[in-house]
Amino acid sequence: MGKRTNGTWDFCLKRHFGTLYTKFFCLQKKDFFGIKRISSGAKWQKVVENVPKVVVEVLMGEYAHTIDAKGRVILPADFRSELGESFVITKGLDSCLFVYEQAEWDALSEKLRQLPLAKPEARAFVRFFFSGARTLECDRQGRFLVPGTLRSYAGLKKDVVLIGVSNRVELWDKAAWEKYNDEVNPMVTEIASQLTDLGI
């Protein structure tokens, strides 16, 4: 994840990703969530020159909604157009849910299948990620049904927030999202200072 000059970046990741970061991300030097390690500006230029230019749709924005008594929540129109008719929802990190467009999920699944089965950390992460995954579709009102097990995992009760995070949508309990922001926002400037190796 780049040079760690004072440990702040590691601290923040470990604080909010928990033991999965410590046992998995620190052991695997791969790109699982769209973040690719680039060791230098020169190397970054070389990568860009050798890859065809592709227009990548980025999921972004924040929307507040409520879950009805049946566990249904409205998927914002902007997200529906990017996710397509069917999409995959699963347990995410930080006690939220991850929602992926089908092709994005297929690419991530392929990377996870390449993890060494002999490593207990890899087995644990694959079980965590796949066991809660479901393929969903929206109804005519633009709502999708969040499975009960996933609602329990994320602590979803009534008020929720959907946010676009580059290649995925995250579904949060509103109170948990606000708490997360209160903890992370004061550290954003300091975290950003540790990301120079990623070209940010």
If you measure from CZ on R168 to CG on L97, what distance do you get to the nearest 0.5 Å? 12.0 Å

Just to verify, what does S109 make a side chain to side chain donor-acceptor pair (under 3.5 Å) with, not counting sequence neighbours? W105

Report the residues that fulfil side-chain contact (heavy atoms from CB on, under 4.5 Å) with D182, sequence neighbours left out, ordered by chain and then residue number. none

Mind checking what makes salt bridge (Lys or Arg N to Asp or Glu O under 4.0 Å) contact with R72, not counting sequence neighbours? D68

Contacts of type salt bridge (Lys or Arg N to Asp or Glu O under 4.0 Å), residue E85, not counting sequence neighbours: none

Value for CG (L150) from CG (L171), rounded to nearest 0.5 Å, stands at 9.5 Å

Minimum heavy-atom distance L59-N167, with the two atoms named: CD1-C, 3.8 Å

Only counting residues at least two apart or in another chain, list the ones meeting salt bridge (Lys or Arg N to Asp or Glu O under 4.0 Å) with E82. none

Would you check if F128 and T90 make a side-chain contact, meaning some heavy-atom pair closer than 4.5 Å? no

Separation between CG of L83 and CZ of F144, rounded to the nearest 0.5 Å: 9.0 Å

Could you pull out every donor-acceptor pair under 3.5 Å between side chains of residues 152-166 and any protein atom, sequence neighbours left out?
| unit_1 | atom_1 | unit_2 | atom_2 | d |
| --- | --- | --- | --- | --- |
| S152 | OG | G148 | O | 3.1 |
| Y153 | OH | G92 | O | 2.5 |
| K157 | NZ | G155 | O | 3.4 |

What are the two closest non-hydrogen atoms of C96 and F98, and how far apart are they? SG-CE2, 3.6 Å

Just jot down the side-chain contact (heavy atoms from CB on, under 4.5 Å) partners of R80, sequence neighbours excluded, or say none. I74, L75, A77, C138

Are M60 and Y180 in one and the same hydrophobic cluster, where Ile, Leu, Val, Met, Phe, Trp and Tyr link if side-chain heavy atoms are under 4.5 Å apart? no

Looking at every heavy atom in both L145 and L136, which two are closest together, and how far apart are they? O-CD1, 3.5 Å

Looking just at side-chain N and O atoms, do E178 and W172 make a donor-acceptor pair shorter than 3.5 Å? no

Value for CD (E101) from OG (S81), rounded to nearest 0.5 Å, stands at 11.0 Å

Taking only residues two or more places apart in sequence or in another chain, which ones pass salt bridge (Lys or Arg N to Asp or Glu O under 4.0 Å) with R127? none

According to the ring pair (Phe, Tyr, Trp, His ring centres under 6.0 Å) rule, which pairs have a member within residues 65-85, sequence neighbours left out? Y63-F79

Residues Y100 and F87: closest non-hydrogen pair is O-CB, 3.3 Å

Looking at residues at least two apart in the chain, or sitting in another chain, which of them share a side chain to side chain donor-acceptor pair (under 3.5 Å) with S131? K91

According to the side chain to side chain donor-acceptor pair (under 3.5 Å) rule, which pairs have a member within residues 132-144, sequence neighbours left out? D139-R143, Q141-R143

Which atom pair, heavy atoms only, marks the closest approach of A122 to L115? CB-CB, 3.9 Å

With sequence neighbours excluded, tell me which residues meet side chain to side chain donor-acceptor pair (under 3.5 Å) with D106. Q102

